[in-house]
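One structure is given here, and the rest of the page talks about it.
Here, residue 1 is the first one in the sequence, and each next residue gets the next number. Here the structure is a predicted model, which means the values were calculated and not measured. In what follows, every heavy atom counts, from backbone to side chain, and hydrogens, waters and symmetry copies are set aside.
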Amino acid sequence: MSTERITDDLQRLLSLLPASVRQVLEQDDHHDQLLEVVLDLGRLPEARYPGRSLALGERSLERKDLEEMVDRLGQFGADNRAGIERTLHRISAIRNRRGDVVGLTCRVGRAVFGTVAMVRDLLDSEQSLLLMGRPGVGKTTALREIARVLADDLGKRVVVIDTSNEIAGDGDIPHPAIGRARRMQVARPELQHQVMIEAVENHMPEVIVIDEIGTELEAQAARTIAERGVMLVATAHGNALTNLIKNPTFCDLVGGIESVTLGDEEARRRRSQKTVLERAAEPTFPIAIEMHSRHRWAVHDDVARTVDLLLRGQTPRPQERELTEDGGVRLVDADVQKSLRAPQKRPALAIVPMPDPVAARVRDFQSAEGEMEAVRDPETLQILCCGLSRQRLEEAVRCHRWPVQAVDDLSAADVLLSVRQGLGRQPDLRRQAREAGVPILVIKSDSLPQVERALERLLSRRSRPETQSLPPVSAAEPGRADALAALEECRLAVEQVVMPEGRPVELLPRSEVVLQMQADLVARYRLRSDVYGPSDQRRLRLFPP
């Protein structure tokens with residue numbers, strides 16, 4: 001049984017509607033699902049529910065029906081919105097050229113207690129929070145509940161900037177749904193940014209709650225507030241972070257975008273063009289939430305990193321959360337993600353430590369990336385998708401329990417899997433894969449059977465031991481463990497120092513046979529190497545591309 005509690009004061013809204021419309025609605029048994037009632041001059045009234053609409057009666061609305069309802073409502077604001085005092089309902093008007101009302105949209109406002117469980121842990125971090133989603137998904141409802149929890153449960157000084165009285169209801173007394181939070185009304189919508197600054201300067205809030213940041217001035221005011229150490233909770237137009245990045249008005253909310261010209265060495269290290277897009281500053285909102293539905297949200301707990309990945313053409317992995325019927329929160333596919341990332345059993349190898357300078361470089365690289373293991377599991381196939389749905393790949397892996405993992409970086413990939421037109425749209429990726437020696441497999445379409453056949457083909461090839469193509473080493477040879485350790489040392493140096501940082505590395509001294517094996521391995525990465533040192537201290541030196 002759900003722990004959500006809903007209050008909507010629906011009867012007060014129904015009492016304002018024309019009598020013929022009210023009678024039909026009162027006979028309906030789905031009041032709890034009603035979203036809005038649409039009244040247009042000369043048309044049948046219409047009730048809208050999730051996924052469907054219902055005509056109310058058989059008589060078209062006349063002008064006197066609208067005039068009587070407007071008289072009962074009272075004066076509309078500058079934004080053509082009106083409300084019912086001490087309720088959350090909103091009535092919006094459509095006017096003709098003369099200013100006469102020819103249509104009304106009566107939106108049902110509900111206070112839903114319990115949805116904040118989706119982000120309750122994020123509120124304790126005291127970091128600014130941005131909610132995104134399509135209209136009707138419940139952004140304002142969630143905003144109202146977050147304001148109440150911050151004010152009542154966490155004891156914060158919360159000020160709600162209520163431009164259209166949609167958060168705390170109409171009238172001078174705020175609706176109980178926002179708890180002890182205070183409410184500042186805005187005389188005209190274009191003054192919202194001024195009221196935001198006024199709230200910080202006059203009322204010492206710890207949290208500012210704003211609905212619908214919609215202009216560049218409001219985005220600038222939000223950054224000013226965040227830089228003063230005040231927590232922000234706001235909604236913005238857009239379904240996902242990618243929409244904000246592409247919108248010049250709102251991109252400052254996620255750090256802003258600027259064009260940067262890289263030096264030759266840096267461009268070579270990144271394997272990119274010299275002119276790239278980068279994030280200009282720290283995001284105004286460190287945490288962002290994409291509301292896919294009322295009960296399923298995607299949480300980006302590090303917006304800066306997400307934006308950086310998107311600008312590099314990589315796919316971020318937000319945390320998917322779902323509200324269960326008993327009021328709990330479930331991580332969607334959390335078990336699958338955990339199984340994909342869990343290390344598999346590895347053959348026991350006697351790994352000889354790398355020289356101190358090289359080991360330090362590897363540790364620095366691991367610390368900066370935070371995602372690459374020191375020794376990657378050789379049994380797990382790392383695949384980078386190009387023009388291919390990552391969800392499709394993970395579905396095939398989940399069905400067959402294959403040792404396959406999707407990665408976001410070419411340097412971590414064993415193979416590049418692309419649809420026929422994918423590489424045509426990303427010629428730079430094709431060039432980088434060829435330079436790095438990463439195999440490319442092209443399939444006809446982004447369909448599950450095609451992906452499954454491709455993975456079967458790749459895994460069958462990978463099942464052959466890699467050392468078969470290297471100079472054979474007898475199982476009885478005493479130096480076999482040393483040879484395997486030398487190859488592992490060489491691979492680590494290439495993948496974690498030489499290629500990503502563009503710096504040469506000198507390996508430990510080895511025998512002539514092992515040196516040749518290391519040189520062959522380096523050649524597969526299309527890198528240069530050379531042997532240095534006296535006869536008893538011969539060692540391989542690796543050079544960047």
Side-chain angles (χ1 to χ4, degrees), residues 6-10 12-14 16 34-39 48 50 69-70 73-94 103-113 115-116 129-151 158-196 199 205 207-215 218 221-222 232-238 289 291 294:
I6 302 175
T7 60
D8 55 19
D9 299 314
L10 184 60
R12 297 188 62 184
L13 175 61
L14 296 181
L16 296 175
L34 181 63
L35 297 179
E36 60 187 12
V37 178
V38 176
L39 307 174
R48 293 179 178 173
M69 185 169 176
V70 170
L73 278 172
Q75 188 175 4
F76 282 83
D79 54 357
N80 277 318
R81 292 179 178 180
I84 306 171
E85 189 168 355
R86 304 292 312 265
T87 74
L88 302 174
H89 306 307
R90 185 185 72 191
I91 296 90
S92 303
I94 298 177
L104 292 171
T105 302
C106 306
R107 184 103 177 248
V108 178
R110 293 184 174 90
V112 182
F113 300 88
T115 57
V116 76
L129 192 69
L130 182 66
L131 305 177
M132 297 166 291
R134 67 182 187 277
V137 79
K139 297 190 296 297
T140 304
T141 302
L143 205 65
R144 190 181 299 121
E145 173 73 346
I146 289 172
R148 183 189 64 80
V149 170
L150 286 169
V158 180
V159 173
V160 175
I161 309 299
D162 205 358
T163 303
S164 59
N165 290 347
E166 190 174 358
I167 300 178
D170 204 53
D172 295 334
I173 302 176
H175 193 278
I178 66 170
R180 294 175 55 250
R182 305 179 72 188
R183 189 262 297 270
M184 291 184 66
Q185 295 178 315
V186 181
R188 300 195 307 275
E190 60 270 19
L191 300 179
Q192 176 169 292
H193 66 284
Q194 295 182 9
V195 179
M196 292 165 60
V207 183
I208 293 286
V209 177
I210 318 154
D211 194 13
E212 294 186 2
I213 293 179
T215 67
E218 292 165 6
L232 284 165
V233 182
T235 63
H237 301 287
I289 297 174
M291 300 177 64
R294 291 182 177 271

Backbone N/O of [Y] and side chain of [X]: donor-acceptor pair under 3.5 Å:
{"X": "His89", "Y": "Gly109", "result": "yes"}
{"X": "Arg48", "Y": "Arg107", "result": "no"}
{"X": "Arg180", "Y": "Ala151", "result": "yes"}
{"X": "Gln185", "Y": "Gly171", "result": "yes"}
{"X": "Lys139", "Y": "Leu131", "result": "no"}
{"X": "Arg144", "Y": "Arg110", "result": "yes"}
{"X": "Arg183", "Y": "Gly169", "result": "yes"}

- Mind running side chain to side chain contact (heavy atoms under 4.5 Å, CB included) on Asn80 and Ser92 for me, showing each step along the way? CA-CA 6 Å; Asn80 277 318; Ser92 303; 6.0 Å; no
Output the distance between atom [atom1] ([X]) and atom [atom2] ([Y]), rounded to the nearest 0.5 Å.
{"X": "Leu191", "Y": "His193", "atom1": "CG", "atom2": "NE2", "result": "7.0 Å"}
{"X": "Asn165", "Y": "Arg90", "atom1": "CG", "atom2": "CZ", "result": "11.0 Å"}
{"X": "Leu13", "Y": "Leu88", "atom1": "CG", "atom2": "CG", "result": "11.5 Å"}
{"X": "Glu145", "Y": "Ile167", "atom1": "CD", "atom2": "CD1", "result": "13.5 Å"}
{"X": "Ile161", "Y": "Ile210", "atom1": "CD1", "atom2": "CD1", "result": "6.5 Å"}

How close do [X] and [Y] get, heavy atom to heavy atom, and via which atoms?
{"X": "Pro205", "Y": "Ala199", "value": "CD-O, 3.3 Å"}
{"X": "Ile178", "Y": "Pro174", "value": "CD1-CB, 3.7 Å"}
{"X": "His175", "Y": "Thr87", "value": "CD2-CA, 3.9 Å"}
{"X": "Leu73", "Y": "Gly83", "value": "CD2-O, 4.5 Å"}
{"X": "Leu104", "Y": "Val70", "value": "CD1-CG2, 4.5 Å"}
{"X": "Ile213", "Y": "Ala222", "value": "CD1-CB, 4.1 Å"}

- Item | Residue pair Thr235 / Asp211, side-chain donor-acceptor N/O under 3.5 Å | yes
- Message: If only side-chain N and O atoms count, and only distance matters, is there a donor-acceptor pair under 3.5 Å linking Arg81 with Ser164?
- Response: yes
- Do the side chains of Ile91 and Ile84 get nearer than 4.5 Å, heavy atoms only? yes
- Query: Does a side-chain heavy-atom distance below 4.5 Å link Thr163 with Glu212?
  - Reply: no
- Task: For side chain to side chain contact (heavy atoms under 4.5 Å, CB included), just list the numbers for Ile289 and Met291, CA-CA rounded to whole Å, side-chain angles, deciding distance to a tenth of an Å, and then say yes or no.
- Result: CA-CA 6 Å; Ile289 297 174; Met291 300 177 64; 4.2 Å; yes
- Message: With side chain to side chain contact (heavy atoms under 4.5 Å, CB included) as the criterion, how do Val209 and Ile146 come out once you've worked through the C-alpha distance, each side chain's angles and the decisive distance to 0.1 Å?
- Response: CA-CA 9 Å; Val209 177; Ile146 289 172; 5.8 Å; no
